[in-house]
> 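The structure that follows is given in the form of structure tokens.
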Amino acid sequence: MGEEKKTKKSLLDAASEIAKKEVKTAAKAAATKTASKGVSKTAEKPAAKSATKTVAKPAVKAPEKPAAKVAEKNVAQAVSKPVAKPAPKPVENKIAQSAEKTEPKPVEKVEITKKSTKAKDTSVGEYNEDSILHLEGLEHIRLRPGMYIGSLGDGTNENDGIYILLKEGIDNSVDEYSQGFGNRIDVDITDGRVKIRDYGRGIPLGKLEQCVSDVNTGAKYNNSVFKQAIGMNGVGIKATNALSSYFRAASIRDGKMAVVEYERGVKKSSHLGPAKSGVKNGTYLEFVPDTQMFGKYAFNMEMVEKRLWNYAYLNPGLLIHCNGKDYISQNGLEDLLVHEMEGSNSLYKLFSYKGENITFVLTHTSNLDKVVYSFVNGQSTEDGGTHVTSFLDGFARGANSFFKKNYDEKDITSGLLCALKIGIDSPMFTSQTKNKLGNVEIRQPIIQETQLAVDDWLRHNPEIANALEEKIIRNQKARDEINTVTQKQIRDAEKSVSLKIHKLKDCRYHLQDGKKGENSMIFITEGDSATGSMVGCRDVETQAIFSLRGKPENMYGRKKTALFENEELKNLTMSLGVQKDVENLRYDKIVIATDADNDGFHIRNLVMTYLLLFFEELILSGHVYILETPLFRVRNKTRTIYCYSEESRDKAIKELGKTAETTRFKGLGEISPHEFGQFIHPRKDGDPEDVGIHLTPVSIQTLKNVPQVLEFYMGKNTPERRDFIVHHLAQEIDA
């Protein structure tokens, strides 16, 4: 029986192989027959695609070109500016006209070609040795810039890529100072060209080219040469090189100099020879960010200054000279905290602690929000990380240890203002942009050291201890009072909407449904007109819609209990599921979808005011977005181009000819449901005809200035705001 089974199996295998060969032979014959029909027939139907061609040469996408500026600055940008300075681009209709970008901007225009009458070829190319691509040198950085610098951007956002390129250059110079070499850095930024000169040891001449062009090459891997340096991955300056239309690096060491020049990551020249007499050792960098990658960009010097001051605060005694201005600090983090307080009342004098690998300065203010400025090896970690959570845990344990109580950490840290810096030999950041630390092994050491330091500090300062405990008790009472009132209102509200939430068209799956709901989103729209465009084309599985009646109530200056007295905002809160805790959020993305006019921007501001005042965690955790829809549609008989700016519209008209039809979309309701579907669904990879959804993330780097900015934009200072409009923005208001 065993031999019989083997014989049958052999026969089946042989038959299978014969069948496969016959299929291949038939496929080749069909392809030959198709080719023999000649070019003329192919020309008759240009839209038809060739599967053979697709298999032979898999396409490699070029990086998306960034869009032109969506608009001015948003709440997120405004809140990060110093309070003492004039308010940025105000007017309620301008606050939220754009939001901070953490991803590459969408393309300015999307071309749509009329589809062929033939069925679309969706076959997948053969996966073989020819499918494997090797990118030489710095090509991968240009192809996938987001992996290395986060977003691209045009300079309107402090996280835009041009500032990351600047940072990478300065980081290397700061690392030299931190190792004890050179106490001055010269920086010049003029017309988009950056020049950086330090007076450290200089890159070894024979390795200059490798250090600026070979990824994963550098001295930062050698802990005997660089300890607790900012740059650790051997990528940073190579990204600057790859993403610059012009890049020049020079190193001077002991009377000799090496120079190398690049264009878009491709080497153009190199030189090694004697340096001029008297020239000090050090490194010189010069680069121009590539407009092919970043579009039309500009450095905002206020954002640059903020970075330079951070370098100065973190490196006392280091002089940074930029565009004629000096940045230097003698007291380090204490100077940072004093500067950031900007008139806030401190409940007690600053407490400074300096350990071997951790330094912090702190105090409490009368505010309820805690603000922690955190750094790792001189790198600002704006999104926090394990060092921040560990520090807060240790601070709370130290306070409870001294008071012999069990106060809630929220009550202990409410109103805390702190600057925290740690040093670590092998930091593990969650991305190349290094905004968040991920090292878990540092947790216990930081908790223990912070706890002991806080306990000892309070024991030696009984007056401060009394002031701190009074603050904790006040925080506790305020929270209990809010919770007591709110919980009753929540129960009443839940009863009133237990059957169906008015104006909510819900989706089937939510965050609580696991993988099925991980892409869920809710669109907050203005009026039934915009909602009507979305309802017919949304994905009912994961896309919900909440329709506002018009402009919601301005909640600035109101208590949280007022949410449940306002029918519309109560329903919105219940729709989001955050009435009890933001951890119960039902959707991964909260998308504000309003018209691109003054009323639309005002509604956007009101919704963001509601979120900032009562659910700021939703913004801090990256759940809030702005939906960007095309402003114009330009089309002729064969092509349609969607444009997101006037500049791209003019370019499209030039491409399609003056006879092309141009449509201005002033409201979401003007876009038909069939057409609108293109703007709210994810783009299909490899389909050039698919426009895809364009979402701009809303983020804020610090909560410090939120109250002041909201007071200006949304408060009762109408005469002051009106005067600002008249004198600064009258020319920008639509007729």
Side-chain angles (χ1 to χ4, degrees), residues 163 166-189 194-205 208 211-212 218-220 222-232 236-237 240 248-258 275-287 301 304-339 352 354-359 361 373 375-380 419 421-425 434:
Y163 301 111
L166 172 66
K167 169 191 164 309
E168 296 293 355
I170 298 178
D171 281 354
N172 291 336
S173 297
V174 172
D175 282 341
E176 281 294 300
Y177 173 78
S178 69
Q179 306 305 308
F181 301 94
N183 59 359
R184 177 189 176 104
I185 301 172
D186 292 324
V187 181
D188 181 82
I189 304 174
V194 178
K195 301 175 182 178
I196 304 170
R197 170 70 156 100
D198 68 45
Y199 301 89
R201 292 166 288 186
I203 298 173
L205 305 185
L208 176 62
C211 286
V212 300
K220 302 297 176 66
N222 190 335
N223 284 338
S224 66
V225 179
F226 284 92
K227 293 183 179 295
Q228 299 183 356
I230 303 175
M232 297 298 293
I237 201 63
T240 303
R248 183 173 188 261
S251 179
I252 302 96
R253 287 174 70 103
D254 304 325
K256 294 181 180 180
M257 182 173 70
K276 291 182 180 179
S277 177
V279 176
K280 295 182 179 179
N281 286 355
T283 302
Y284 172 83
L285 296 177
E286 181 178 347
F287 66 89
M301 290 310 297
V304 173
E305 283 192 3
K306 178 183 175 182
R307 289 181 178 273
L308 297 181
W309 273 122
N310 280 345
Y311 282 122
Y313 294 138
L314 292 166
N315 300 275
L318 171 64
L319 170 64
I320 302 178
H321 184 79
C322 178
N323 289 9
K325 183 176 179 179
D326 289 340
Y327 300 83
I328 187 170
S329 169
Q330 299 300 338
N331 300 312
L333 293 183
E334 290 187 14
D335 289 341
L336 167 63
L337 219 57
V338 170
H339 173 75
S352 298
K354 184 173 178 60
E356 184 177 352
N357 294 309
I358 180 172
T359 301
V361 181
Y373 302 96
F375 306 89
V376 176
N377 296 354
Q379 163 68 38
S380 175
K421 177 177 72 172
I422 72 164
I424 182 172
D425 286 338
K434 306 182 182 77

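Index from 1, following the sequence. Heavy-atom basis, side chains included; hydrogens, waters and symmetry copies ignored.
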> How about D171 and Y311: does a side-chain donor come under 3.5 Å of a side-chain acceptor?
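A donor-acceptor contact under 3.5 Å links the two side chains.
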> For residues Y199 and R197, report the shortest heavy-atom separation together with the two atoms involved.
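Taking every non-hydrogen atom into account, CD2-NH1, 3.6 Å.
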> From L333 CG over to N310 CG, what is the distance, rounded to the nearest 0.5 angstrom?
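So the CG of L333 and the CG of N310 are separated by 10.0 Å.
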> For N315 and V174, which heavy atoms make the closest approach, and how far apart are they?
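Heavy atoms of N315 and V174 come nearest at ND2-CG1, 3.5 Å.
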> Would you name the heavy atoms of S329 and A312 that are closest together and state the gap between them?
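Distance-wise, the nearest heavy atoms are CB-O, 3.5 Å.
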> Roughly how far, to the nearest 0.5 Å, is the SG atom of C322 from the CZ atom of R307?
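The CZ atom of R307 sits 13.0 Å away from the SG atom of C322.
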> Do you know the tightest heavy-atom contact between A250 and L208?
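Closest heavy-atom pair between A250 and L208: CA-CD2, 4.2 Å.
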> Rounded to the nearest 0.5 Å, what separation is found between the CD1 atom of I422 and the CG atom of N357?
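Those atoms lie 8.0 Å apart.
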> So that I can tick it off, tell me whether R184 and D186 are bridged by a salt bridge, with the cut-off set at under 4.0 angstrom between side-chain N and carboxylate O.
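Salt bridge: yes.
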> I196 and side chain to side chain contact (heavy atoms under 4.5 Å, CB included): which partner among D188, T283, L166?
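Single pass found, and it is L166.
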> Between the side chain of N377 and the main-chain N/O of I424, is any donor-acceptor distance below 3.5 Å?
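At least one qualifying donor-acceptor pair exists.
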> Scan side-chain atoms only and decide if Y327 and E305 contain a donor-acceptor pair under the 3.5 Å cut-off.
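Yes.
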> Do any N or O atoms from the side chain of D326 and from the backbone of L319 form a donor-acceptor pair under 3.5 angstrom?
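Answer holds: no.
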> How long is the straight-line distance from OG1 of T240 back to NZ of K167, given to the nearest 0.5 Å?
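Result: 9.0 Å between the selected atoms.
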> If you take all heavy atoms of I237 and E168, which pair is closest and at what distance?
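In terms of heavy atoms, the two residues are closest at N-CB, 4.3 Å.
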> Nearest 0.5 Å please: distance from the CD1 atom of I203 over to the CZ atom of R253.
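I203 CD1 to R253 CZ: 9.5 Å, rounded to 0.5 Å.
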> Return the minimal non-hydrogen interatomic distance between N281 and D254, and the atom names on each side.
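Scanning both residues, the minimum pair turns out to be OD1-N, 2.8 Å.
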